[in-house]
Amino acid sequence: MAFAALPPELRSLCRRLTSTKVEQLPVLLPSLLKDLLRCQEPLSRPQEAKTSESSSESVVLVHKLKTQISTLLNSRITQGRLVGVALVKAVVETGGWECLRTSEPWVRGLLSILQRKDPAVVKDLCIVTLVKIYTLMHAYPTLVREIVTPTLRTFATACLQILKPPVSSKAAKAPLSLVENIFEGLSTVVPLFSTTLREFATKIRIETRSYIAPTVSDSALIPTSLQSSSQRLAIRLHMTAAKGGDSTEWTKHLEALIKTLHSTADQVFRAVQESWESTAGYVPLSDSLQMIDFEKEPQGGSTSPDQLPPWTGIHAGSERMIGMLNFICEYLRCRTKTTVTIPVSAIIDIVTRISSITPPTPGKEKSAFVQMNPAVGREEKDELWTVFPDIQLATMRLHLTMVQRLGKNFLPVAQESLEQLLRMFESSYRLPEVRMMAFNLSREILQLCGPTMPQLTVEGLNLVIKSCCRDLLGSAGHLKRPKQSASALQNGLKSNKSIAQNADAFLGNKSEDDSISVSLSADHVSAAAALLTVLFSHVPQQHLNSSLRAHMLKTAILCQSRDAQVASVLHPVRDKNGRTPQVILPYLTQQFPRDDSVEILRFNFRPMATGPKNDAMDVDYDDDEMLEDEPEEKPSSNGFSLGWPFESSLRNPPDMTVAAAIVPEIPKSPLPARAIESATTAPNPFLLKPSSETTVTSVEHTTVVQPSPQTTTSLKRKNEDAEVSVSKRVEIDTTTISNTSEAAPIVAPSKAAVTGNVEADEESDDESIHLNMELDSDEDDEDAE
């Protein structure tokens with residue numbers, strides 16, 4: 001279906017650009033862009049270089065629009081240049097190749113605006129437009145040769161002049177938002193045209209060094225988004241290396257970064273005596289010939305263009321460490337054009353060093369945490385333990401990035417990584433951000449090695465599990481407020497008379513809700529819910545403590561976590577007898593009655609019997625023997641295979657259920673093996689037969705089912721000599737079955753078929769009849785013949 005050749009928006013767009021003053025165009029810019037995006041059909045058609053009298057109206061209007069945009073780009077008014085840049089970007093995106101091939105004058109106009117002293121917002125939009133044009137032209141080698149290659153060097157030079165203006169220009173320093181856009185634009189263009197930008201790689205790297213890992217020692221406050229963009233640009237500069245050397249360049253810069261991180265840690269962690277030994281060959285300063293000067297504050301960095309800026313103090317050093325840990329994360333996230341080798345052992349070595357430091361905790365023995373260096377003052381030690389949780393958080397983030405990047409290849413070090421995580425979590429789990437990161441990392445690790453974990457490792461997860469449940473209950477408003485008894489309050493008041501006490505605490509206000517609500521972020525709650533699901537599905541349930549698993553089930557039900565409840569049902573825990581004591585399927589179906597997965601689970605899941613083992617539900621029959629010994633049944637005349645008349649089954653369906661089938665224990669006697677086998681595998685005479693052979697007796701709420709005469713006329717004892725009878729007891733619920741098509745005669749049960757105490761049956765409370773039948777074997781029938 002072809003669209004309209006000349007949309008009305010094109011004519012309106014040209015008329016408004018001509019009739020509106022340039023100063024008022026920025027107000028109309030949103031509507032102008034909306035109309036321009038609706039003119040894709042005429043803009044993407046082949047256009048003539050010059051219009052003539054025979055040209056169509058559509059061609060004339062498109063040519064007029066492009067002329068007006070060129071006029072706005074070269075306007076002397078800032079508002080006109082701003083509108084022109086925005087319209088160029090919209091036309092190029094809408095028109096495609098037809099507009100790209102004629103965009104060389106626009107590209108040169110954009111470069112001239114970028115070199116002017118225009119406001120930062122105009123330069124931001126200009127950089128975005130140029131990067132968009134270069135990205136779209138990458139698919140067309142002809143346009144790359146004609147437009148991109150001659151102008152890309154000018155674009156890189158203009159960006160570097162904005163980042164570091166010449167001293168003679170007296171230009172103000174570029175705002176951080178403009179610097180971030182420049183870094184994003186260069187990091188987008190470098191992978192596409194790495195050969196052209198090779199000569200600018202060194203200058204670009206120097207400009208990014210002050211934004212990669214900033215500290216409080218710097219003069220500016222760098223936002224996190226600018227740090228990430230500068231890190232991505234510095235990483236992608238390895239693509240500008242000569243052919244075949246980009247992977248080597250990537251590995252070399254990453255190893256240098258890890259070495260710098262260790263040297264920074266030597267200064268920050270000098271207040272503790274580390275017991276860590278490097279597996280990657282790094283020698284700390286405390287073990288080398290170069291001694292640390294404890295009279296000066298911790299310091300590092302360098303003024304060299306190849307090194308990060310200098311820093312001084314514990315807080316600055318911790319920020320430098322966190323920045324470099326995030327830099328390593330970006331190395332793992334950023335994609336490369338060629339295959340690279342990740343130094344996994346060196347990265348794990350960093351995590352091991354940080355996780356081996358255990359801060360002092362009140363209530364624990366001194367041997368449980370790291371030993372302190374007596375040469376360092378108390379103030380520096382306090383500052384270290386203040387910033388240490390942030391360093392642990394950055395380490396967990398690095399761990400999580402490695403797991404997500406390597407996937408199943410992380411399995412060889414997954415167990416060790418989990419132990420490192422638990423050590424860090426135990427000392428800093430009071431912080432919500434640490435808990436959220438630990439939940440995400442635990443989930444990723446458990447999905448790799450959870451099913452094969454031993455019991456000792458599973459028991460180490462108790463603190464993580466309890467924290468996960470507490471956060472979920474707190475966010476849902478089900479966390480109980482800790483109660484303090486009145487006697488404890490009075491004792492505290494007596495011991496501390498000078499301290500003001502809360503008088504309302506002595507009042508037993510029952511109307512006050514005992515639950516408290518904890519304010520957590522949505523990401524935190526979702527991370528805890530996902531971890532709870534994995535704890536049910538990827539952790540051996542037999543290794544979990546029963547009370548802890550019951551607490552997990554309670555959390556899943558109260559927080560209405562569908563995935564966690566489904567996982568708990570699919571992965572039940574069984575006791576020594578093979579029973580399933582905790583089945584929460586009724587709660588799940590009540591909370592999610594219309595969920596598809598719950599419906600499938602409800603109709604297909606059959607839990608193990610929760611009663612004593614080897615009861616009636618656990619009887620296991622041999623299918624082959626049942627098929628061999630079961631007598632052949634004659635098909636009913638009405639074609640209904642259940643043995644009931646077709647009409648009666650529809651009007652008054654049978655509702656008989658077997659309550660129990662108890663086979664009494666056979667006494668020990670010298671019976672032949674054949675007799676016992678035939679007794680235990682005899683066909684069941686209580687199977688439903690066709691309606692023509694079945695009579696129903698209903699007397700005083702008691703239903704007696706008598707087999708047909710053809711099959712039960714010759715009921716005899718099995719072995720009269722041994723005088724052993726094998727009987728079956730069947731309890732049949734009380735039902736009254738009526739056959740409207742054919743009246744069934746009431747037949748009293750014969751004495752040979754039914755034996756027992758009649759008075760006991762009449763006095764029984766359950767409305768059922770006990771039938772003790774003595775069946776004949778096939779051998780006795782042959783002897784009778």
Side-chain angles (χ1 to χ4, degrees), residues 396 400 403-404 407-408 410 414 418 421 425 429 432 435-453 457-458 461-479 517-574 580-608:
M396 293 181 186
L400 179 62
V403 177
Q404 294 175 346
K408 294 182 179 180
F410 190 78
L418 182 60
L421 168 64
F425 183 78
Y429 70 94
R435 294 200 302 271
M436 183 182 68
M437 188 60 61
F439 294 160
N440 291 325
L441 181 55
S442 301
R443 184 188 73 249
E444 296 290 341
I445 295 177
L446 290 178
Q447 289 177 348
L448 290 176
C449 65
T452 60
M453 288 194 309
T457 306
V458 175
L461 294 172
N462 290 346
L463 183 58
V464 178
I465 296 174
K466 292 178 181 179
S467 302
C468 176
C469 295
R470 187 181 187 279
D471 289 347
L472 288 175
L473 292 174
S475 62
H478 298 289
L479 188 62
S517 179
V518 181
S519 178
L520 298 173
S521 63
D523 295 337
H524 190 143
V525 176
S526 61
L531 175 60
L532 184 61
T533 304
V534 173
L535 288 172
F536 282 116
S537 61
H538 289 77
V539 174
Q541 300 299 299
Q542 66 273 13
H543 296 337
L544 288 174
N545 191 6
S546 58
S547 60
L548 184 60
R549 192 177 190 277
H551 186 54
M552 293 165 55
L553 292 174
K554 174 185 174 182
T555 304
I557 295 173
L558 292 178
C559 299
Q560 296 185 356
S561 178
R562 185 202 62 182
D563 296 336
Q565 295 184 54
V566 170
S568 67
V569 173
L570 293 176
H571 302 83
V573 61
R574 308 188 188 281
T580 307
Q582 299 169 347
V583 178
I584 63 170
L585 189 57
Y587 298 98
L588 182 60
T589 55
Q590 183 180 5
Q591 292 180 357
F592 306 97
R594 293 178 178 85
D595 188 77
D596 295 339
S597 60
V598 176
E599 285 296 306
I600 295 174
L601 186 64
R602 185 168 68 91
F603 280 101
N604 293 274
F605 179 73
R606 295 294 181 267
M608 294 289 293

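Side chains included, hydrogens not; waters and symmetry mates left out as well; all remaining heavy atoms used.
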Taking C-beta and beyond as the side chain, do [X] and [Y] meet within less than 4.5 Å on heavy atoms?
X: H543; Y: L461; result: no
X: T555; Y: H478; result: no
X: C449; Y: I445; result: yes
X: S467; Y: F425; result: yes

Kindly indicate, with the supporting measurements, whether the criterion side-chain contact (heavy atoms from CB on, under 4.5 Å) is fulfilled by S537 and L570. CA-CA 8 Å; S537 61; L570 293 176; over 6 Å; no
With a cut-off of 6.0 Å (strictly less than), are more than 12 heavy atoms of other residues, nucleotides or ligands near CD of Q590?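 Counting other residues, nucleotides and ligands, CD of Q590 stays at 12 neighbours or fewer.
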Please round to the nearest 0.5 Å and tell me the distance separating atom [atom1] of [X] and atom [atom2] of [Y].
X: I557; Y: C559; atom1: CD1; atom2: SG; result: 10.5 Å
X: L588; Y: Q560; atom1: CG; atom2: CD; result: 11.0 Å
X: L446; Y: T533; atom1: CG; atom2: OG1; result: 12.0 Å
X: I584; Y: T589; atom1: CD1; atom2: OG1; result: 10.0 Å
X: M436; Y: M396; atom1: CE; atom2: CE; result: 11.5 Å
X: Y429; Y: L463; atom1: OH; atom2: CG; result: 5.5 Å

Could you label the plane-to-plane angle of the H524 and F439 rings as parallel, tilted or perpendicular, counting under 30° as parallel and over 60° as perpendicular?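 Ring orientation, 0 to 90° scale: perpendicular.
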Decide side-chain contact (heavy atoms from CB on, under 4.5 Å) for L544 and L535; before the verdict, give the C-alpha distance in whole Å, the side-chain angles of both, and the deciding distance to 0.1 Å. CA-CA 10 Å; L544 288 174; L535 288 172; 5.9 Å; no
Using the rule given for side-chain contact (heavy atoms from CB on, under 4.5 Å), can you reason through L472 versus S561, listing the C-alpha separation, both sets of side-chain angles and the distance that settles it, and then say yes or no? CA-CA 10 Å; L472 288 175; S561 178; over 6 Å; no
Quick check: closest heavy atoms across [X] and [Y], and the distance to 0.1 Å?
X: L479; Y: G474; result: CB-CA, 3.8 Å
X: Q404; Y: E444; result: NE2-OE2, 4.1 Å
X: V458; Y: N462; result: O-OD1, 3.9 Å
X: R549; Y: S568; result: NH2-O, 3.5 Å
X: R602; Y: L585; result: CA-CD2, 4.4 Å

Using the test salt bridge (Lys or Arg N to Asp or Glu O under 4.0 Å), find all partners of R443 that sit at least two apart in sequence or belong to another chain.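 If we apply the salt bridge (Lys or Arg N to Asp or Glu O under 4.0 Å) test to R443, skipping adjacent residues, there are no hits.
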Could I get the full list of ring pair (Phe, Tyr, Trp, His ring centres under 6.0 Å) partners for F536, not counting sequence neighbours?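 Listed in chain order: nothing, the list is empty.
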So, D523 and S521: side-chain donor and acceptor under 3.5 Å apart, yes or no?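 S521 and D523 do not have a side-chain donor-acceptor pair below 3.5 Å.
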Under the side-chain contact (heavy atoms from CB on, under 4.5 Å) test against F592, which residue among V566, V598, L601 passes?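 Option passing the side-chain contact (heavy atoms from CB on, under 4.5 Å) with F592: V598.
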Hey, is the main chain of D563 close enough, under 3.5 Å, to the side chain of Q565 for a donor-acceptor pair?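 Not at all, since once roles are kept as given, no pair shorter than 3.5 Å links the two residues.
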For M552 and C468, what are the C-alpha separation, side-chain angles and deciding distance, and is it a side-chain contact (heavy atoms from CB on, under 4.5 Å)? CA-CA 9 Å; M552 293 165 55; C468 176; over 6 Å; no
